[in-house]
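To keep things clear, I will list the structure first and then write my remarks on it.
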Amino acid sequence: EDPCFQCAQDQGQASGESASPQYQEKPRPRIKLEGYAEKKEGAGMRSLNKFDHAFSAPCLTREEVENVIEIGEKQEIENARLTGGRHANGRFSFLVRRSRISWLESDKCRPVYMKVFKAIEEINNEYWGIQFDSLRVAQYTIYGPLCHYVRHMDLGSDALGCRKISASVNLTDPSKFVGGRLYVWRGEPSQDLGHITVFPAYLLHGVTPVWWGTRKSLVFWATGKPFS
């Protein structure tokens, strides 16, 4: 077993603040990355003007993408809810967010977690040097026709305050859908199959409406001590 990955039960929410009485989301574990909590010397020093940019890179092979989709489709799939606000938490609002999601634990696709962590670490060391020490459970997301997510931030208060870096892996060939593009405040996210787009969790981003076909993605959050 890779010593850098140890499952640690986390009683916080993986995708929102403490839930409303009508909606109680199950506590989800996070994947501890021992030895990477401290900022590496010189990390991010070459690109201090890039703290408001997203960056993309190849990450997963076609075979790995197909495996992720197969696993994701076997999990319990639910309509995505709003999170991160006192009044929004646990509610549906298809005008704001419309998609279906499931959760992929690390024991179901550990090699994928390792490759995603490596990609996040490389981009982070090059441009930001943000301290983080774990990955939250991956969110498998399905955007069908008319599905979308309006502009928002992943960083929030309470349980969302530990989010440091966001990452999204595209699981669908761009020829298989129209619309459904991930956009970030600055930077041009790659729409290529298996490519990962990484950005600080405080950057505004969203997904444009899908007009034809279906787009699938795998979303991760690197977490750690809240920004100060």
Side-chain angles (χ1 to χ4, degrees), residues 13-17 19-20 22-23 25-26 28 54 56 59-60 62 64-85 87-105 108-109 112 116 136-156 160 163 165-199 201 203-221:
Q13 302 293 335
S15 63
E17 300 176 358
S20 64
Q22 294 79 21
Y23 174 61
E25 190 172 295
K26 298 178 182 178
R28 304 185 189 279
S56 298
C59 185
L60 302 183
R62 182 176 294 273
E64 289 168 331
V65 166
E66 293 173 352
N67 185 51
V68 166
I69 293 175
E70 181 179 357
I71 296 172
E73 295 290 338
K74 291 180 179 179
Q75 311 310 306
E76 180 181 355
I77 297 178
E78 58 186 352
N79 288 323
R81 300 171 183 262
L82 298 183
T83 59
H87 303 292
N89 192 57
R91 292 178 50 222
F92 296 112
S93 178
F94 292 149
L95 292 177
V96 176
R97 183 185 189 189
R98 185 175 186 177
S99 61
R100 294 185 298 142
I101 63 173
S102 66
W103 302 94
L104 272 65
E105 307 285 352
K108 295 181 173 64
C109 51
V112 169
V116 167
R136 286 297 178 95
V137 173
Q139 177 184 278
Y140 173 70
T141 311
I142 305 169
Y143 290 95
L146 300 183
C147 288
H148 68 288
Y149 201 166
V150 301
R151 187 172 58 181
H152 65 283
M153 286 192 305
D154 289 341
L155 179 66
L160 299 186
R163 291 180 176 178
I165 300 174
S166 300
S168 178
V169 182
N170 182 38
L171 303 178
T172 307
D173 189 300
S175 66
K176 302 297 184 181
F177 62 93
V178 175
R181 296 179 66 88
L182 170 68
Y183 63 91
V184 185
W185 172 247
R186 287 190 177 176
E188 293 294 332
S190 172
Q191 308 298 321
D192 291 343
L193 180 70
H195 280 213
I196 188 171
T197 297
V198 183
F199 51 93
L203 286 191
L204 290 171
H205 63 286
V207 176
T208 63
V210 175
W211 302 117
W212 173 82
T214 299
R215 175 183 178 267
K216 300 176 181 179
S217 64
L218 190 64
V219 178
F220 290 83
W221 296 280

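Contact detail for S217 and L171: the closest heavy-atom pair is C-CD1, 3.6 Å. For the pair R97 and R81, the tightest heavy-atom approach, listed with the atom from each and the gap, is NH1-O, 2.5 Å. What you find for R98 and L146 is that their closest heavy atoms are CD-O, 3.9 Å. Nearest heavy-atom pair across T214 and T172 is O-CG2, 3.3 Å. Taking each heavy atom of A167 and I196 in turn, the nearest pair found is CB-CD1, 3.8 Å. Residues A54 and L203 approach most closely at N-CD1, 4.4 Å, considering heavy atoms.
In terms of modelled atom types and a separation under 3.5 Å, the side chain of S168 and the main chain of T197 share no donor-acceptor contact. Under a 3.5 Å cut-off, the side chain of H152 and the backbone N or O of H205 do form a donor-acceptor pair. In this structure, T208 contributes its side chain and G179 its backbone to no donor-acceptor pair below 3.5 Å. Between the side chain of H148 and the backbone N or O of Y143, no donor-acceptor pair lies under 3.5 Å. Judged by distance alone, the side chain of N170 and the main-chain N or O of Q191 form a donor-acceptor pair under 3.5 Å.
Residues passing the side-chain hydrogen bond (donor to acceptor under 3.5 Å, both in side chains) test with S190 are H195, sequence neighbours excluded. K74 meets the salt bridge (Lys or Arg N to Asp or Glu O under 4.0 Å) test with E70; sequence neighbours excluded. With sequence neighbours left out, Y140 forms a ring pair (Phe, Tyr, Trp, His ring centres under 6.0 Å) with no residue at all.
I165 contributes atom CD1, which lies 12.0 Å from atom CG of L155 (distance to the nearest 0.5 angstrom). Atoms CG and CD1, on L218 and I101 in that order, are 12.0 Å from each other to the nearest 0.5 Å. Atom CG in L60 sits 8.5 Å away from atom CG in L193 (nearest 0.5 Å). A distance of 7.5 Å separates CG of L182 from OG of S56, quoted to the nearest 0.5 Å. How far SG of C59 is from CD of E64: 7.5 Å, rounded to the nearest 0.5 Å.
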Where do L104 and V112 land on the side-chain contact (heavy atoms from CB on, under 4.5 Å) test, with the steps shown first?
-> CA-CA 10 Å; L104 272 65; V112 169; over 6 Å; no
How far apart are the C-alpha atoms of F199 and R186, what are their side-chain angles, what is the distance that settles it, and do they pass the side-chain contact (heavy atoms from CB on, under 4.5 Å) test?
-> CA-CA 9 Å; F199 51 93; R186 287 190 177 176; over 6 Å; no
Show your reasoning for whether side-chain contact (heavy atoms from CB on, under 4.5 Å) applies to E78 and W103.
-> CA-CA 10 Å; E78 58 186 352; W103 302 94; 3.6 Å; yes
Please assess E73 against I142 for the test side-chain contact (heavy atoms from CB on, under 4.5 Å), listing each intermediate value before the final yes or no.
-> CA-CA 10 Å; E73 295 290 338; I142 305 169; 3.6 Å; yes
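With a 6.0 Å cutoff to the six-membered ring centre and a 45° limit on the axis angle, R163 counts as a cation-pi contact of W221.
The local environment of CD in Q75 is crowded, with over 12 non-hydrogen atoms from other residues, nucleotides or ligands closer than 6.0 Å.
Within the 4.5 Å cutoff, side-chain heavy atoms of R62 are placed close to those of D173.
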